[in-house]
Amino acid sequence: MKLIRALFPQRCVLCRCRLAAKGDAVLCPSCAAQVRTEYRTQGQVLVDGTDGAAAALLYRGRVREAMHRYKFSRANGYARWFAAQLAPVVGVWLDDWRPDCVTYVPVGAARYWGRGYNQSALVARRIAKQFGLPCVPLLRKSAFIGRQSAKNHAQRSKNVQHAFHLRRNAQTAGKRILLVDDVLTTGATLSACAHVLREGGAERVFVVAMTKTPG
């Protein structure tokens, strides 16, 4: 173990500085303080077509950079950290929302095979396991819509229309569903997914995001 740590030193999830050889910390003291004081979000947010929505962290600064590494640099080990940030948020609302299962926003086939994983699915599975819930793939993405980051709210909403569908044999009727996403910006993607789940008979749809844009 000492040799592995020497060859592959642990680095801070956010700033990437080298951490002390001893201990299980994943953040340096400076970044840990910043997460507590600058990056946490508070309360629910509004997402059209859902019965409740919340997020863990603000999508800016070093958190934004970490999310980019997670999504675009094959840093799938970041799933553990983002799930740890999201779990307390889910815990706050769990008794009110009472979800029957956890699912996640799907990615297109090309992006999945290029990246090797769905970043929302990795976190959703960890959240489901922690709270003793099944994690079920309910949605599929059937249209290429490109990246949403450069689009405004109207463009995002139009862009995701008809992009999502229920998977074959998806069991949604009468279910209270918790939907997990990576970045909440305008909410267009989550609204589109919630609409599909409701059309499939879902009783309630709640959403949680690892990060949300400020404002």
Side-chain angles (χ1 to χ4, degrees), residues 35 39-59 63 67 70-71 76 78-108 112 117-142 148 156-157 160 163-213:
V35 168
Y39 289 117
R40 295 284 185 209
T41 63
Q42 300 292 329
Q44 292 198 65
V45 294
L46 296 177
V47 176
D48 291 342
T50 71
D51 297 284
L57 302 166
L58 291 174
Y59 182 67
V63 167
M67 178 59 76
Y70 180 34
K71 292 177 65 173
N76 59 339
Y78 279 43
R80 181 179 180 181
W81 186 76
F82 279 111
Q85 307 313 304
L86 190 56
V89 176
V90 175
V92 167
W93 299 105
L94 196 67
D95 288 341
D96 290 335
W97 292 353
R98 295 177 286 110
D100 298 304
C101 64
V102 179
T103 193
Y104 46 85
V105 174
V107 296
Y112 179 85
Y117 55 90
N118 176 338
Q119 68 279 357
S120 296
L122 296 185
V123 170
R125 291 180 190 124
R126 288 180 173 273
I127 293 296
K129 183 177 181 180
Q130 180 164 341
F131 291 100
L133 295 167
C135 185
V136 187
L138 297 175
L139 298 165
R140 62 183 177 87
K141 191 175 182 181
S142 60
Q148 292 276 78
R156 285 170 182 259
S157 297
V160 297
F164 301 101
H165 298 271
L166 283 181
R167 284 175 172 260
R168 184 176 299 177
N169 300 322
Q171 301 296 313
T172 55
K175 300 291 187 181
R176 302 171 68 91
I177 299 170
L178 180 63
L179 176 65
V180 175
D181 198 10
D182 52 5
V183 183
L184 170 59
T185 305
T186 65
T189 295
L190 288 167
S191 292
C193 290
H195 175 73
V196 172
L197 293 170
R198 286 187 181 282
E199 282 196 329
E203 179 185 338
R204 296 283 188 275
V205 179
F206 307 97
V207 301
V208 289
M210 297 166 237
T211 63
K212 68 176 291 290
T213 53

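Remember, it's a predicted structure, so these values are computed and weren't measured experimentally. We're numbering straight along the sequence, starting at 1.
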Taking the basic N atoms (NZ, or NE/NH1/NH2) and the acidic carboxylate oxygens, is any pair closer than 4.0 Å for Asp51 and Arg198? yes
Angle class for the Trp93/Trp97 ring planes (parallel below 30°, perpendicular above 60°, tilted otherwise)? parallel
Hey, are the side chains of [X] and [Y] touching, using non-hydrogen atoms and a 4.5 Å cut-off?
X      : Y      : answer
Tyr112 : Pro106 : no
Arg168 : Arg140 : no
Pro134 : Asp100 : no
Met210 : Val183 : no

Could you please spell out the steps behind the side chain to side chain contact (heavy atoms under 4.5 Å, CB included) verdict for Gln85 and Val35? CA-CA 10 Å; Gln85 307 313 304; Val35 168; 4.1 Å; yes
Could you measure the distance from the [atom1] atom of [X] to the [atom2] atom of [Y]? Nearest 0.5 Å is fine.
X      : Y      : atom1 : atom2 : value
Asp181 : Ser120 : CG    : OG    : 4.5 Å
Leu178 : Ile127 : CG    : CD1   : 8.0 Å
Leu184 : Leu58  : CG    : CG    : 11.0 Å
Thr50  : Asp48  : OG1   : CG    : 8.0 Å
Phe82  : Asp182 : CZ    : CG    : 9.0 Å
Arg80  : Arg126 : CZ    : CZ    : 6.5 Å

Do you know the tightest heavy-atom contact between Thr103 and Val136? OG1-O, 2.7 Å
So which atom in Ala202 and which in Ile177 form the shortest heavy-atom distance, rounded to 0.1 Å? CB-CD1, 3.8 Å
Flag yes if more than 12 heavy atoms outside [X] fall under 6.0 Å of its [atom1] atom; otherwise flag no.
X      : atom1 : result
Asp95  : CG    : no
His165 : NE2   : yes
Lys212 : NZ    : yes

Verify, without hydrogens or angle tests, whether Thr213 (side chain) and Tyr59 (backbone) share a donor-acceptor contact under 3.5 angstrom. no
Answer yes or no: is there a donor N or O on one side and an acceptor on the other, between the side chain of Glu203 and the main chain of Gly201, under 3.5 Å? no
Quick one: do Tyr78 and Met67 satisfy side chain to side chain contact (heavy atoms under 4.5 Å, CB included)? Show the steps, please. CA-CA 8 Å; Tyr78 279 43; Met67 178 59 76; over 6 Å; no
What residue among Val207, Leu139, Leu190 forms side-chain contact (heavy atoms from CB on, under 4.5 Å) with Val105? Leu190
